[in-house]
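Presented below is the structure to which this report refers.
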Amino acid sequence: MPDLWMPGATRLDIGDHAPTDGGPAKAIAHITWDRNATAKAPAALVPYENLRDYFGKNPAGKAVAPHILWDPFTGRVTQFVPADCRSKSLADAAGGTRTNRAGSTVIQVEALFFPYCVVDGKTYARLADTPCKGWSELHAWVRSWGVPDAWPMGRPTNFTPHRSETTWEKAGGWYAHAHVPENDHQDPGSWPAFTTEEEDPMAGITKQDIYDAVWKTDKIAAPADAKDVKTNPTWQPQSVIKDVQARIRSMDKRLAAQTAAITSLAKLAGKGVDTAAVVAAVEKAIEDAVIDVNINTKESHV
């Protein structure tokens, strides 16, 4: 059985233990959002101890305490209830789905964060832009409880709510607070990736894979006088070699452009940039990478 209490976390047991109802294993992503800051008026991050004491010692805080309070700036973690019990961070309307209990486990994580918080003189608009210290350990522990590395309602990239009670009841994985039925919160707005592969759309794709794909779609015609070797005694294999070499150079240049473009997209993915910014970055990458190669397919093959 996995650890009821996350290894390395500070334990502050509030004692309000009750079972879950069973079903697909879930984890819920929250941010504490204890201040309303803006880009023009950022605010200092609330001290971790304030939230720890609120959830762990204050009666009002205990009534809405999550399993985990996580500080993405330092990696500190405090746990308030064991993983096999429900916590109370979600609204749960009478007669509907038991939001806090709807799974074999429903691990709720409150990240210490609000948009445009200031830490060590730097302003952070999104949780995913923070150092995310301790995330790998927290994620590994949640996964050990059978929670799939999946976002059934989509990985959060903004504060737009998307809710489906059918999906909630049938699919295991991670949910934003903005995805949970019977709730009206819009957090967390963003969340760190499960793995480096999730951040890189090129993961697992080799240069040879792209090279093969480009080769198969290349439209350069073979030399006319090489179409029928038997009836063309003047044809020389060296001519085809030169032509193939030219095609390879062309494909290598296109491959470099594609790789640069995809790399730019991967770096920008999920960072809140607008479409124009993405297009501009890709165009710049292609412009920097492409070298025109003039291929003359009508050269003499004597």
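The salt bridge (Lys or Arg N to Asp or Glu O under 4.0 Å) check on Arg143 picks up Asp149, with sequence neighbours excluded. With sequence neighbours excluded, the residues forming a ring-ring contact (aromatic ring centres under 6.0 Å, His included) with Tyr124 are Phe73, listed by chain and number.
Note that the NE2 atom of His139 and the SG atom of Cys132 stand 13.0 Å from one another [nearest 0.5 Å]. Interatomic distance, Arg155 CZ to Trp174 CH2, rounded to the nearest 0.5 Å: 11.5 Å. Rounded to the nearest 0.5 angstrom, Asp84 CG and Thr105 OG1 are separated by 7.5 Å. Separating the SG atom in Cys117 from the CZ atom in Arg126 is a distance of 12.5 Å, to the nearest 0.5 Å. One finds the NE2 atom of His67 at 8.5 Å from the OG atom of Ser89 (value rounded to the nearest 0.5 Å). Between the CG atom of Leu90 and the NE2 atom of His177 there is a distance of 5.0 Å, given to the nearest 0.5 Å.
For the pair Trp70 and Gly134, the tightest heavy-atom approach, listed with the atom from each and the gap, is NE1-C, 4.1 Å. Annotation for Pro115 and Phe159: closest pair CG-CZ, 3.6 Å, computed over non-hydrogen atoms. Between Gly146 and Ala25 the shortest heavy-atom distance is O-CB, 3.6 Å. Looking at every heavy atom in both residues, Met1 comes nearest to Leu4 through CE-CD2, 3.6 Å. Closest approach of Thr78 and Tyr48 over heavy atoms only: OG1-OH, 2.7 Å. Contact record, Asp3 with Trp141: O-NE1, 2.9 Å, taken as the closest heavy-atom pair.
Between Trp135 and Trp191, the ring-plane angle classifies as perpendicular under the 30° and 60° cut-offs.
Side-chain atoms of Asn183 never come within 3.5 Å of backbone atoms of His185 as a donor-acceptor pair (strictly under, hydrogens ignored). Side chain of Arg76 to main chain of Thr10: no donor-acceptor pair is present (N/O by atom type, distance under 3.5 Å, no hydrogens or angles). Here the side chain of Gln79 pairs a donor or acceptor atom with the backbone of Met6 at under 3.5 angstrom. Of the possible polar contacts, one joining the Ser190 side chain to the Ala128 backbone as a donor-acceptor pair under 3.5 Å is found. Side-chain atoms of Trp145 do not come within 3.5 Å of backbone N or O of Lys26 as any donor-acceptor pair.
Side-chain atoms of Tyr175 and Thr167 include no donor-acceptor pair closer than 3.5 Å. No side-chain donor-acceptor contact under 3.5 Å links Thr99 and Glu182.
Side-chain contact check for Gln108 versus Asn100: some heavy-atom pair is nearer than 4.5 Å.
Phe55 is not connected to Ile28 by any chain of hydrophobic side-chain contacts under 4.5 Å among Ile, Leu, Val, Met, Phe, Trp and Tyr, and they are in different clusters. Note on Val118 and Leu127: separate hydrophobic clusters, where clusters join Ile, Leu, Val, Met, Phe, Trp and Tyr whose side-chain heavy atoms are under 4.5 Å apart, directly or indirectly. Taking hydrophobic clusters as Ile, Leu, Val, Met, Phe, Trp and Tyr residues chained together by side-chain heavy-atom distances below 4.5 Å, Leu51 shares a cluster with Ile31. A continuous path of Ile, Leu, Val, Met, Phe, Trp and Tyr side chains, each step under 4.5 Å between heavy atoms, connects Leu138 with Val147, placing both in one hydrophobic cluster. Cluster membership for Met153 and Ile107, using ILVMFWY side-chain heavy atoms within less than 4.5 angstrom, is not shared.
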Given Thr74 and Leu112, is the side-chain contact (heavy atoms from CB on, under 4.5 Å) satisfied, shown in steps? CA-CA 10 Å; Thr74 66; Leu112 177 65; over 6 Å; no
Applying side-chain contact (heavy atoms from CB on, under 4.5 Å) to Trp168 and His179, what does each step give before you reach the verdict? CA-CA 8 Å; Trp168 167 256; His179 298 161; over 6 Å; no
Pair Thr160, His162 - check side-chain contact (heavy atoms from CB on, under 4.5 Å), show working. CA-CA 7 Å; Thr160 303; His162 303 283; 3.7 Å; yes
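Atom OH of Tyr116 is surrounded by 12 or fewer heavy atoms from other residues, nucleotides or ligands within 6.0 Å.
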Result block: side-chain N/O donor-acceptor pairs under 3.5 angstrom for residues 14-23, not counting sequence neighbours:
from	atom 1	to	atom 2	distance (Å)
Asp16	OD1	Arg86	NH2	3.1
Asp16	OD2	Lys88	NZ	2.6
His17	NE2	Asp13	OD1	2.8
His17	NE2	Asp13	OD2	3.3
Thr20	OG1	Gly103	O	2.9
Thr20	OG1	Ser104	O	3.1

